[in-house]
Amino acid sequence: MPKNILSRRLSRTLTKQQQKIAIAGVGTLGVAALAFSAVPGNADTVTTGAPAAASAQVAAAPQVKNVKGSLTDQLATETVKLDTLAAQKKAAADAAAKKQADAAAKKRADAEAKKKAAADAARRATQDRAAQVSANRSAQRPQVQLVAAKTYADNLDGWIRQSLDIMRAKGIPGSYHGLHKNIMRESSGNPRAINDWDINAINGIPSKGLLQVIPPTFNAYHVAGTSWNIYDPVANITAAANYAADKYGSIDNVNSAY
């Protein structure tokens, strides 16, 4: 066989083998590309090798996703715990603040209650004192009203009886009979009687009135509450009886000029 024919055959054989090798390389590169695309973008290392290694990396992708989900769940759990602790802390603070506010309110209420009780006690004490004063006045009033309500006749009998009531109130002794007998002897019952002839008249101080009392004696023994007019029947009788009680023990003991 000629040499050039042999060369052409050999050349064709080599070309076919090179084509097979190229096709095989392309197939390997395609598998590697598929494996590379299946690995996550954040993977640190990409291994390009046999198809079996690429398949192993593709199978590991779900595990990466599971780890990410687990971390997310843990973070969520920790967040819930933190929120719970914060809520508990706030609830404790609110409870403490409420307790403090309640204590302050109770303190104010107690202070107000004590203040009100003291005011009520003071008011009751004032009312009790006023009631006691009123009761004392009421106890005394009937006697005053009894004297004020009593009326007397405007004659010798009325004058003597009115004088006796005043004398009893003032502690001056004397009786109706003792007054009446001395009045009849001294003036015959005339309240305007005046003695212008005895020694008193000569001395310029004549005796006057029902019991013939001289002005100095009337003024010295005048009974409070009666008139200062020496001719007033009641004022004259009570002053004379007061003088007789001082000098003779009672008007009843006087049986002549005194």
Side-chain angles (χ1 to χ4, degrees), residues 119-258:
D120 291 342
R123 184 174 61 255
R124 286 194 298 270
T126 301
Q127 292 175 348
D128 291 343
R129 286 194 297 270
Q132 186 62 43
V133 171
S134 178
N136 293 339
R137 289 176 178 173
S138 297
Q140 297 172 358
R141 190 174 295 118
Q143 297 178 1
V144 176
Q145 290 178 348
L146 182 64
V147 174
K150 190 174 182 179
T151 57
Y152 304 93
D154 188 20
N155 54 31
L156 182 59
D157 178 73
W159 301 331
I160 293 175
R161 293 185 186 280
Q162 185 176 356
S163 297
L164 285 171
D165 287 339
I166 295 173
M167 289 164 60
R168 291 189 192 101
K170 301 295 184 178
I172 301 172
S175 66
Y176 186 98
H177 173 70
L179 291 175
H180 187 270
K181 70 176 183 178
N182 281 287
I183 289 172
M184 296 307 294
R185 185 188 68 252
E186 293 293 331
S187 65
S188 300
N190 179 12
R192 304 296 300 179
I194 182 171
N195 186 328
D196 55 3
W197 55 268
D198 65 3
I199 189 62
N200 290 321
I202 294 173
N203 293 330
I205 47 172
S207 303
K208 299 177 181 179
L210 289 174
L211 283 171
Q212 292 294 284
V213 183
I214 60 176
T217 301
F218 177 82
N219 293 332
Y221 290 93
H222 174 264
V223 176
T226 63
S227 172
W228 281 94
N229 183 356
I230 195 172
Y231 289 107
D232 180 85
V234 174
N236 189 279
I237 292 173
T238 54
N242 193 24
Y243 167 77
D246 181 46
K247 300 299 182 180
Y248 307 102
S250 172
I251 191 69
D252 294 349
N253 298 328
V254 177
N255 294 306
S256 60
Y258 59 101

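This is a predicted model, so every value here is computed, not measured. The first residue of the sequence shown is numbered 1, and numbering continues consecutively from there.
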* Stepwise, does the side chain to side chain donor-acceptor pair (under 3.5 Å) test hold for D157 with Y176? -> CA-CA 9 Å; D157 178 73; Y176 186 98; 2.7 Å; yes

* Minimum-distance pair of heavy atoms, taken over all atoms of W159 and L210 -> CE3-CD1, 3.8 Å

* To do: Scan side-chain atoms only and decide if W197 and N195 contain a donor-acceptor pair under the 3.5 Å cut-off.
  => yes

* N236 side chain to L211 main-chain N or O, any donor-acceptor pair under 3.5 Å? -> yes

* Looking only at non-hydrogen atoms, find the nearest pair between A193 and S187 and report the distance. => CB-CB, 3.8 Å

* Ion pair D128/R124, N-O distance below 4.0 Å -> no

* With sequence neighbours left out, which residue pairs that include part of residues 179-188 fulfil the salt bridge (Lys or Arg N to Asp or Glu O under 4.0 Å) condition? -> none

* Say whether, by atom type as modelled, one donor and one acceptor occur between the side chain of N253 and the main chain of G249 under 3.5 angstrom. => no

* Asked: If you draw the axis of the six-membered ring of Y231, does the NZ or CZ of R192 fall within 45° of it and under 6.0 Å from the ring centre?
  -> yes

* Look at the side chain of N242 and the backbone N and O of V223, then say whether any donor-acceptor pair between them is shorter than 3.5 Å. => no

* Please collect all ring pair (Phe, Tyr, Trp, His ring centres under 6.0 Å) contacts where either partner lies in residues 207-228, sequence neighbours excluded, each pair once. => F218-H222, Y221-Y243, H222-W228

* Could you tell me whether the side chains of D165 and Y152 share a donor-acceptor contact shorter than 3.5 Å? => yes

